[in-house]
Amino acid sequence: MKRFCIIAVLASVFFVGCSKEEPAPLPALKPIELPSGVVGQYSGRLPCDSCKARMIRMTLAEDSSVVAVETVVNDSMVVDTLKGVFSFAEDKVTISLSEGQLKWAFNRDATGNMVFLTGAGTVYQDDDGMEAKLIRIFAGPKGEK
């Protein structure tokens, strides 16, 4: 019984000693500045009529070149690396891959992401009303440049 009382007293002293600590407010953080250009890495899903999913990981370089890694999912996965060029004017990014055989157009939104456009120039939406977007990756995995 004495052990129980001693343990209870020690636990009470421990909790009372810790309760006198008051949390200090966190310092204010500086606002994050989004990069103004389109150069960088993007990742997302684009529409696909003849497959289950079409995932894209794309890098836009300073010299207007593009490297896009496309993963098409059906019963199996097919990965293809596409190369080409891009142009950027008034929040519209136009990408030409595989020597002009494949052309994509995107609108750049306020957060730097790119929204896929249809051939008519309107924002693509699937049957559920979801837009096809490529999300901008601001910090890549460690070790990757």
Side-chain angles (χ1 to χ4, degrees), residues 4 7-145:
F4 179 71
I7 292 173
V9 169
L10 289 175
S12 298
V13 169
F14 176 74
F15 287 120
V16 169
C18 291
S19 66
K20 292 184 181 184
E21 198 173 308
E22 292 183 24
L26 295 174
L29 298 174
K30 294 179 183 176
I32 296 174
E33 227 177 276
L34 295 176
S36 59
V38 295
V39 172
Q41 294 182 337
Y42 297 85
S43 181
R45 187 175 184 167
L46 292 182
C48 182
D49 293 331
S50 60
C51 62
K52 293 179 184 176
R54 182 180 183 195
M55 304 302 295
I56 303 293
R57 190 177 71 233
M58 183 168 57
T59 303
L60 304 181
E62 289 282 344
D63 63 353
S64 297
S65 66
V66 179
V67 176
V69 178
E70 177 182 54
T71 304
V72 177
V73 180
N74 278 315
D75 295 331
S76 61
M77 290 183 6
V78 177
V79 179
D80 194 13
T81 301
L82 308 169
K83 295 182 180 183
V85 295
F86 76 93
S87 62
F88 175 60
E90 299 180 15
D91 287 338
K92 185 174 181 181
V93 179
T94 305
I95 297 173
S96 177
L97 299 167
S98 300
E99 298 176 6
Q101 294 178 10
L102 184 61
K103 292 188 180 188
W104 295 333
F106 296 91
N107 267 352
R108 189 161 178 256
D109 67 13
T111 59
N113 300 329
M114 295 195 303
V115 183
F116 188 64
L117 299 176
T118 64
T122 60
V123 173
Y124 173 85
Q125 290 186 342
D126 64 10
D127 295 336
D128 298 326
M130 297 291 294
E131 297 175 344
K133 282 187 180 186
L134 296 182
I135 306 299
R136 182 146 191 196
I137 310 297
F138 290 106
K142 291 183 179 179
E144 188 176 300
K145 292 187 179 186

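The figures that follow rest on heavy atoms only: side chains count, while hydrogens, waters and symmetry mates do not.
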> Could you give the distance from CZ (Arg54) to CG (Asn74), rounded to the nearest 0.5 Å?
Replying inline: 12.0 Å
> In Å, rounded to the nearest 0.5 Å, how long is the span from CG of Asp109 to CG of Asp91?
Replying inline: 9.0 Å
>> Quick check on side-chain contact (heavy atoms from CB on, under 4.5 Å): which of Val67, Ile137, Val69, Ile95 does Met58 satisfy it with?
In response: Ile95
> Atom CZ in Arg108, atom CZ in Phe88: separation rounded to 0.5 Å?
Replying inline: 5.0 Å
> Mind checking whether Val38 and Phe86 have side chains closer than 4.5 Å, heavy atoms only?
Replying inline: yes
>> A side-chain contact here means heavy atoms from C-beta on lying under 4.5 Å apart; do Asn107 and Leu117 qualify?
In response: yes
> About how many Å separate OH of Tyr124 and CG of Leu46, when rounded to the nearest 0.5 Å?
Replying inline: 9.5 Å
> Are any of the side-chain heavy atoms of Val78 and Glu70 separated by less than 4.5 Å?
Replying inline: no
> For Ala68 and Leu97, which heavy atoms make the closest approach, and how far apart are they?
Replying inline: CB-CD1, 4.3 Å
>> Could you measure the distance from the CE atom of Met55 to the CE atom of Met77? Nearest 0.5 Å is fine.
In response: 10.0 Å
> In Å and rounded to the nearest 0.5 Å, what is the NZ to OG distance from Lys83 to Ser96?
Replying inline: 15.0 Å
> Quick one: are Leu82 and Leu102 in side-chain contact, heavy atoms under 4.5 Å?
Replying inline: yes
>> Can you confirm whether Met114 sits close enough to Ile135 that some side-chain heavy atom of one is under 4.5 Å from a side-chain heavy atom of the other?
In response: no
>> Any non-hydrogen side-chain atom of Leu60 less than 4.5 Å from a side-chain atom of Tyr42?
In response: yes
> Of all heavy-atom pairs between Arg136 and Asn113, which one has the smallest distance, and what is that distance?
Replying inline: N-OD1, 2.9 Å
> Below 4.5 Å, heavy atoms only, C-beta onward: do Ile56 and Arg45 meet side chain to side chain?
Replying inline: no
